[in-house]
Amino acid sequence: MAAYKRIVTKGPLPHCYMKIRLEFQDPSVTKSLTINASTLKHAIVTSMKGLFGELGSTENIDILKFEEENNEAIVRVRHSFFVKVWSSLCLSGTFSGHSCAFRVNQVSAHLMGLACNSREDFVT
């Protein structure tokens with residue numbers, strides 16, 4: 001019989017996960033631009049650098065998953081840097097010279113927490 005070990009963590013976990021979406025003011029821009037995970041990461045690092053300077057752009061940001069059809073990504077950042085990343089995303093307004101907005105859809109300390117969104121599930 002297998003013995004299960006219960007693990008309890010105290011304090012914040014080392015990473016935080018965010019589900020974000022890049023939305024453009026003009027929907028036709030999405031068809032003309034080629035957006036992939038590396039260009040999205042560059043846009044995030046650029047917005048960090050614009051708000052917090054060189055120190056803001058040195059933090060490690062990981063794009064775990066990127067969906068090109070709706071410009072949605074799952075991003076992993078250190079927990080201690082999480083608020084700075086969120087604030088720079090909210091204050092970012094341009095991507096390659098086009099007006100845009102980063103929408104933070106979900107946030108979780110666990111990657112599994114982003115698996116489903118209770119606000120989108122409806123029981124009829």
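Everything numeric in this text was worked out from a predicted model, so none of it was measured. Heavy atoms only: backbone and side chains are in, while hydrogens, waters and symmetry mates are out. Throughout, numbering of the chain's residues begins at 1 and tracks the sequence.
In this structure, S88 and L51 approach most closely via the heavy-atom pair CA-CD2, 3.7 Å. Between F66 and A37, the closest heavy-atom pair is CD2-N, 3.7 Å. Across all non-hydrogen atoms, the minimal contact from L89 to F102 is O-CB, 3.6 Å. The shortest non-hydrogen separation linking F24 to C100 is CD2-CB, 3.7 Å. Residues L13 and H110 share a closest heavy-atom pair of CD1-CE1, 3.1 Å. Between R21 and N70, the closest heavy-atom pair is CG-O, 3.5 Å.
Crowding of H42 atom NE2: a count of heavy atoms from other residues, nucleotides or ligands under 6.0 Å not exceeding 12.
Residues F82 and M48 fall within the same hydrophobic cluster, defined by Ile, Leu, Val, Met, Phe, Trp and Tyr side chains chained together at heavy-atom separations under 4.5 Å. Note on I61: it does not cluster hydrophobically with L64, by side-chain heavy-atom contacts below 4.5 Å among ILVMFWY residues. Note on V29 and F95: same hydrophobic cluster, where clusters join Ile, Leu, Val, Met, Phe, Trp and Tyr whose side-chain heavy atoms are under 4.5 Å apart, directly or indirectly. When hydrophobic clusters are built by joining Ile, Leu, Val, Met, Phe, Trp and Tyr residues whose side-chain heavy atoms come closer than 4.5 Å, directly or via intermediates, F81 is not grouped with I74. Hydrophobic clustering (side-chain heavy atoms under 4.5 Å, transitive across Ile, Leu, Val, Met, Phe, Trp, Tyr) groups L40 together with V104.
The distance from the NZ atom of K31 to the CG atom of D26 is 9.0 Å, given to the nearest 0.5 Å. Once rounded to the nearest 0.5 Å, the distance linking CG of N60 with CG of D62 reads 4.5 Å. Atom CD of residue Q106 and atom CD1 of residue I20 lie 12.5 Å apart, to the nearest 0.5 angstrom. The NE2 atom of H15 lies 8.0 Å from the CZ atom of R78; values are rounded to the nearest 0.5 Å. For the atom pair I63 CD1 and K65 NZ, the distance stands at 13.0 Å (nearest 0.5 Å). Atom NE2 in H98 sits 12.0 Å away from atom CD in Q25 (nearest 0.5 Å).
The closest side-chain heavy-atom distance from V77 to W86 is not below 4.5 Å. Contact annotation: the side chain of E68 never approaches that of I35 to less than 4.5 Å [non-hydrogen atoms, C-beta and beyond]. At a threshold of 4.5 Å between non-hydrogen side-chain atoms, the residues K19 and E72 count as touching.
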